[in-house]
Amino acid sequence: MPELPEVETTVAGLRSVLEGRALLRVEPRRADLRFPIPVDLRQRLTGATVTGLSRRAKYGLIETDRGDMMIFHLGMSGRWRIDPAEIGAHDHLLIETREGRLLSLNDPRRFGSVDLVRADAWSQYSPFTRMGPEPLGPDFDADRLAAALAGKATSIKAALLDQRIVAGLGNIYVCEALNMAGIAPTRAAGKIGRARLVLLVEAIRSVLTAAITAGGSTLRDYARPDGELGYFSKQWRVYGREGESCPCGGVVRRRIDGGRSTFYCAKCQK
DNA sequence: CCCAAGTCCTGGTAGC
DNA sequence: TGCTACCAGGACTTGG
């Protein structure tokens with residue numbers, strides 16, 4: 001389920017259970033997800049106390065008082081379950097706190113990952129080394145986006161999905177932001193004018209912030225034993241709405257780019 | 001059969 | 001021809 005807003009709200013949910021808490025039990029239930037789970041993960045985390053949780057792009061970061069940091073990614077279908085009633089085939093990592101709270105990383109497709117690094121070297125973790133700025137952070141603005149897109153012949157949609165350009169966007173929010181900014185997804189990334197990039201930056205920030213707010217409001221559901229942290233799909237302007245009306249009155253179209261659906265409105269996105 | 005929110009890797013091509 | 005950069009597309013997996 002995860003693009004940046006979903007990971008942000010997931011981390012917030014985990015924080016309420018884990019921050020400042022000692023880990024009584026850490027139990028991988030299989031050897032790998034997308035890649036192997038470190039064999040010493042159980043040993044290094046068991047008995048440690050969680051000192052902080054944070055997020056980088058679509059990755060969640062959990063730091064302990066032993067100087068370790070667990071880094072997880074939810075892939076396409078991953079989620080954390082809190083106090084699940086029962087453990088199923090797709091519950092791949094269990095974490096129990098000393099207070100008796102149980103967390104389970106559940107991921108049917110196993111495109112997610114779990115890794116462990118030294119906290120003081122977290123920024124050297126390979127997925128992070130060439131990653132672009134946080135879209136909600138101070139290093140993302142029209143100037144820097146223009147510099148990152150300069151000379152790029154690829155489409156703006158593909159460019160925004162490239163985590164080296166800006167980190168944390170996925171298919172849904174790229175479609176939404178391009179619609180909000182009135183930019184056609186097929187437009188060459190390097191040929192978008194300055195004024196439109198200003199609108200695009202604002203649209204990206206706006207759509208992510210709204211999704212985080214909506215996600216935060218569903219945390220109660222998320223904390224339910226079988227609850228899910230959903231995308232706020234009722235608020236999507238174009239994603240998953242082929243044939244329906246765009247806010248501008250046009251009709252939402254769908255096309256396939258690189259095997260992925262792109263939802264857009266030809267009337268207002270140029 | 002179709003479709004699905006993730007990243008990584010490969011192979012083709014353009015340009016120097 | 002060889003090297004590099006860039007880019008498009010496929011692979012991975014399970015379930016609805």
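Letters go in sequence order (proteins before strands), and every chain restarts at 1.
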Answer yes or no on whether A:Arg56 is positioned over the face of A:Tyr59, meaning its NZ or CZ is under 6.0 Å from the six-membered ring centre and within 45° of the axis.
->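 Cation-pi check for A:Arg56 and A:Tyr59: fails.
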For [X] and [N], give me the distance from atom [atom1] to atom [atom2], rounded to whole Å.
{"X": "A:Leu74", "N": "C:dT14", "atom1": "CG", "atom2": "C1'", "value": "16 Å"}
{"X": "A:Phe35", "N": "C:dT13", "atom1": "CZ", "atom2": "P", "value": "15 Å"}
{"X": "A:Asp107", "N": "B:dA5", "atom1": "CG", "atom2": "P", "value": "15 Å"}
{"X": "A:Ile172", "N": "B:dA4", "atom1": "CD1", "atom2": "P", "value": "11 Å"}
{"X": "A:Met76", "N": "C:dG10", "atom1": "CE", "atom2": "C1'", "value": "13 Å"}
{"X": "A:Lys58", "N": "B:dA5", "atom1": "NZ", "atom2": "P", "value": "10 Å"}
{"X": "A:Leu33", "N": "C:dC12", "atom1": "CG", "atom2": "C1'", "value": "13 Å"}
{"X": "A:Glu3", "N": "B:dG6", "atom1": "CD", "atom2": "P", "value": "5 Å"}

Can you check whether any acceptor in the base of C:dT14 is under 3.5 Å from a donor in the side chain of A:Arg110, or vice versa?
->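 Not at all, since no donor on one side and acceptor on the other fall under 3.5 Å apart.
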Write down the atom of A:Leu41, the atom of A:Pro28, and the distance for their closest heavy-atom approach.
->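 Nearest pair, atom of A:Leu41 first, then A:Pro28: CD2-CG, 4.1 Å.
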Which atoms form the tightest heavy-atom contact between A:Pro135 and A:Phe140, and what is the distance?
->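 It is O-CD2, 3.3 Å.
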Report yes if the side chains of [X] and [Y] come closer than 4.5 Å at any heavy-atom pair, otherwise no.
{"X": "A:Asn171", "Y": "A:Lys157", "result": "yes"}
{"X": "A:Thr46", "Y": "A:Arg25", "result": "no"}
{"X": "A:Arg110", "Y": "A:His92", "result": "yes"}
{"X": "A:Leu116", "Y": "A:Ile71", "result": "no"}
{"X": "A:Thr186", "Y": "A:Arg255", "result": "yes"}

Could you list the residues that satisfy salt bridge (charged side-chain N to carboxylate O under 4.0 Å, His left out) with A:Arg254, not counting sequence neighbours?
->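 By the salt bridge (charged side-chain N to carboxylate O under 4.0 Å, His left out) rule, A:Arg254 matches A:Glu242.
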For A:Asp65 and A:Thr51, does a side-chain donor sit closer than 3.5 Å to a side-chain acceptor?
->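 No, A:Thr51 and A:Asp65 have no side-chain donor paired with an acceptor closer than 3.5 Å.
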A:His90 side-chain N/O to C:dG15 phosphate OP1/OP2 under 4.0 Å |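 Answer is yes, contact under 4.0 Å.
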B:dA5 OP1/OP2 closer than 4.0 Å to side-chain N/O of A:Tyr239 |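 Yes, such a contact exists.
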5' to 3', nucleotides 11-16 of chain B under a 4.0 Å protein heavy-atom cut-off (B base, S sugar-phosphate only, - none) gives ------
Determine, stepwise, if the pair A:Trp80 / A:Phe72 fulfils ring-ring contact (aromatic ring centres under 6.0 Å, His included).
-> CA-CA 10 Å; A:Trp80 281 96; A:Phe72 69 85; 5.5 Å; yes
Which dot-bracket string describes DNA chain C (Watson-Crick N1-N3 plus N6-O4 or O6-N4, or G-U N1-O2 and O6-N3, all under 3.5 Å; [ ] crossing; | other strand)?
-> .|||||||||||.|||
Under 5.5 Å between ring centres and under 30° between planes: true for A:Phe111 and the base of C:dC12?
->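 Aromatic stack with C:dC12 present for A:Phe111.
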Counting distance only, does the side-chain N/O of A:Arg44 pair as donor-acceptor with the main-chain N or O of A:Asp68 below 3.5 Å?
->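 Looks like no, no N/O pair under 3.5 Å.
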DNA chain B: A:Pro127 or A:Arg109, which has the more 5' nearest nucleotide?
->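 The residue mapped nearer the 5' terminus is A:Arg109.
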A:Phe263 or A:Ser126: which one's nearest nucleotide on DNA chain B is closer to the 5' end?
->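 Taking each residue's closest nucleotide, the earlier one in sequence belongs to A:Phe263.
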Answer yes or no: is there an ion pair linking A:Asp162 with A:Arg164, defined by an N-O contact shorter than 4.0 Å?
->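 Yes, charged N to carboxylate O under 4.0 Å.
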Would you mind classifying the nucleic acid contact of A:Ser261 as base, sugar-phosphate or nothing, using non-hydrogen atoms under 4.0 angstrom?
->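 Contact class for A:Ser261: sugar-phosphate only.
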Provide the distance between the two P atoms, one in B:dA5 and one in C:dC7, to the nearest whole Å.
->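 Looking at atom P only, B:dA5 and C:dC7 are 23 Å apart.
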Provide the distance between the two P atoms, one in B:dT10 and one in C:dT13, to the nearest whole Å.
->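 Looking at atom P only, B:dT10 and C:dT13 are 16 Å apart.
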Of all of residues 145-167 of chain A, which get a heavy atom below 4.0 angstrom from DNA chain C, listed by number?
->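 Residues of residues 145-167 of chain A that come under 4.0 Å of DNA chain C are, in numerical order, A:Lys152, A:Ala153, A:Thr154.
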Tell me which donor-acceptor pairs under 3.5 Å the side chains of residues 177-184 of chain A have, and how far apart each pair is, sequence neighbours excluded?
from: A:Asn179; atom 1: OD1; to: A:Arg237; atom 2: NE; distance (Å): 2.7
from: A:Asn179; atom 1: OD1; to: A:Arg237; atom 2: NH2; distance (Å): 3.2
from: A:Asn179; atom 1: ND2; to: A:Gln269; atom 2: OE1; distance (Å): 3.1

Same cluster for A:Leu200 and A:Leu208 if Ile/Leu/Val/Met/Phe/Trp/Tyr side chains link at under 4.5 Å?
->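 Yes, one cluster joins them.
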Proximity to DNA chain B (any heavy atom under 4.0 Å), residues of residues 252-259 of chain A only |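 The stretch gives A:Arg254 as the residues lying under 4.0 Å from the strand, ordered by number.
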